[in-house]
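All remarks here apply to the structure that follows.
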Protein chains: 2
Amino acid sequence: MASGKYAKEMDALKEHLAKHHLKFTRQRELILNAFLRQEHITAEAMYHQLAKTDPHLGLATIYRTLNLFCDAGIAQARHFGSQTQYDNVSHKGHHDHLICTGCGKIVEFENCEIEKLQEEVAARNGFSIQTHRLELYGLCTRCRN
Amino acid sequence: MASGKYAKEMDALKEHLAKHHLKFTRQRELILNAFLRQEHITAEAMYHQLAKTDPHLGLATIYRTLNLFCDAGIAQARHFGSQTQYDNVSHKGHHDHLICTGCGKIVEFENCEIEKLQEEVAARNGFSIQTHRLELYGLCTRCRN
DNA sequence: TTGAAATTGATAAGCCCTCTCAAAATTCTA
DNA sequence: TAGAATTTTGAGAGGGCTTATCAATTTCAA
Ligand SMILES: [Mn+2]
Ligand SMILES: [Mn+2]
Ligand SMILES: [Zn+2]
Ligand SMILES: [Zn+2]
């Protein structure tokens, strides 16, 4: 049983590692602690952020580790533009995005009713949903004026 | 005023071209006619399809032209996996997608209730929606067995 | 018809991400 | 705890998809 600020996620990671005969490394611990401070981040951004204190951490390791977090249910990958954003599942529950096409501002929201209707649509078509993506593009108040 | 099966879209394209000082070329006409026969297609697939009758049509031209169609409101780009799908907007009204992560099967759907809730979310946050994207990823009946 | 401006096709370049592989770290075994 | 087995790491190569480059060609307004 891990202690510290992110004990719950650290345990979740260790459980996943044990189950799949993977090892608990300095890098994985390091990246997890950095990741859990974020709401969502790209591998590239995390690479630069960690480079300040750990200049030898490889980019491939960041990618591998973030994908590992997805397997472990700690992160969730989301394609945005040309890059992959890794969402922190624990920090906040699932959420979707409002994106201003004028200034790039992003507002996060959650709407249970929409989520429920999505499930209904899927069920009606014989699908079981794993993930989804809902992005609303438009102009924010400021950009409309 | 164009005539022929796709007169409406041909006119929409010509209007967009005129407004932006762009030119009406053999390739653009060719690609538009091929595109409008599809519900959605990738640049690569269209390249191979057109190569049968026009072996000298360049892949870059296909990409440029499909992106032009997006600007003109005739097509809509949608990232799926590692590729971009270009959706035919006119073929069917607006719709969203259910996508099987197992076999790649795509089911189109529309749901007015979801659309209405999206508007509400946007309004509550001061946004006016221009477009949106809703994709549900999961397993179809067959892939679940 | 003419010439400025846009387009084309071939291919190089770019971006994001994954693969490769030898060295290092971790975990298991005795 | 030493040694062996297994996994991971970091650096860079490789790969898939898309866009940029540029000289030759085409379009189209005057
Ligand atoms: Mn959602
Ligand atoms: Mn919709
Ligand atoms: Zn804005
Ligand atoms: Zn399927």
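The model shown is predicted, which means the values in this text are computed figures rather than measured ones.
- Here His40(B) pairs with nothing under the ring pair (Phe, Tyr, Trp, His ring centres under 6.0 Å) rule; sequence neighbours left out.
- Comparing Arg28(A) and Asn67(B) by the nucleotide of DNA chain D whose heavy atom lies nearest to each, the residue mapping closer to the 5' end is Arg28(A).
- A 4.5 Å side-chain heavy-atom check between Gln27(A) and Thr65(A) finds every atom pair outside the cut-off.
- Contact check of residues 20-27 of chain A against DNA chain D (heavy atom, cut-off under 4.0 Å) returns His21(A), Leu22(A), Lys23(A), Thr25(A), Gln27(A).
- Comparing the end axes of the helix from dT1(C)-dA30(D) to dA30(C)-dT1(D), each fitted to five base pairs by superposing C1' atoms of four pairs onto the next four, gives an inter-axis angle of 30° (nearest 10 degrees).
- For His21(A), the ring pair (Phe, Tyr, Trp, His ring centres under 6.0 Å) test picks out no residue, with sequence neighbours left out.
- The closest side-chain heavy-atom distance from Ile31(B) to Leu57(B) is below 4.5 Å.
- Separating the NZ atom of Lys19(A) from the P atom of dT7(D) is a distance of 18 Å, rounded to the nearest angstrom.
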Tabulate atom names and distances for all N/O pairs under 3.5 angstrom spanning the protein and nucleotides 15-17 of chain D.
{"from": "dC17(D)", "atom 1": "O3'", "to": "Ser82(B)", "atom 2": "O", "distance (Å)": "3.4"}

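- Screening residues 44-83 of chain B for ring-ring contact (aromatic ring centres under 6.0 Å, His included) gives Phe35(B)-Phe69(B) as the qualifying pairs, with residues at least two apart or on separate chains.
- For DNA chain D, the residues of residues 47-62 of chain B within the heavy-atom distance limit of 4.0 Å (strictly under) are Ala60(B), sorted by number.
- The interatomic distance linking Leu13(A) (CG) with dT8(D) (P) rounds to 11 Å, in whole Å.
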After noting the C-alpha distance and the side-chain angles of Glu119(A) and Ile129(A), does the key distance pass the side-chain contact (heavy atoms from CB on, under 4.5 Å) rule? CA-CA 7 Å; Glu119(A) 287 293 342; Ile129(A) 296 185; 4.2 Å; yes
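- In this structure, the NE2 atom of His16(A) is 14 Å from the C1' atom of dT7(D), given to the nearest Å.
- When the shell of 6.0 Å around CD of Glu120(A) is examined, it contains more than 12 heavy atoms from other residues, nucleotides or ligands.
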side-chain contact (heavy atoms from CB on, under 4.5 Å) between Leu134(B) and Gln118(B), intermediate numbers included: CA-CA 10 Å; Leu134(B) 171 58; Gln118(B) 288 174 4; 4.3 Å; yes
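- Legend: salt bridge (charged side-chain N to carboxylate O under 4.0 Å, His left out) pairs involving residues 73-87 of chain A, not counting sequence neighbours, sorted by first then second residue: Arg78(A)-Asp87(A).
- Here chain A contacts DNA chain C (any atom closer than 4.0 Å to a heavy atom, that is under 4.0 Å), and the contacts span dC16(C) to dT27(C) from 5' to 3'.
- Gln49(A) pairs by the side-chain contact (heavy atoms from CB on, under 4.5 Å) definition with Ala34(A), Arg37(A), Gln38(A), Ile41(A), not counting sequence neighbours.
- With 3.5 Å as the limit, one finds no donor-acceptor pair spanning the side chains of His132(A) and Glu135(B).
- Residues forming a side-chain contact (heavy atoms from CB on, under 4.5 Å) with Ala77(A) (at least two apart in sequence, or on another chain): Cys70(A), Thr84(A), Tyr86(A).
- The number of heavy atoms from other shown groups lying within 6.0 Å of CD (Gln130(B)) is above 12.
- Sequence neighbours left out, the pairs with a member in residues 41-63 of chain A that pass salt bridge (charged side-chain N to carboxylate O under 4.0 Å, His left out) are Arg26(A)-Asp54(A).
- Base engagement by Arg64(A) is indicated by at least one non-hydrogen atom pair under 4.0 Å involving a base atom.
- The side-chain heavy atoms of Thr42(B) and Met46(B), taken from C-beta on, include no pair separated by under 4.5 Å.
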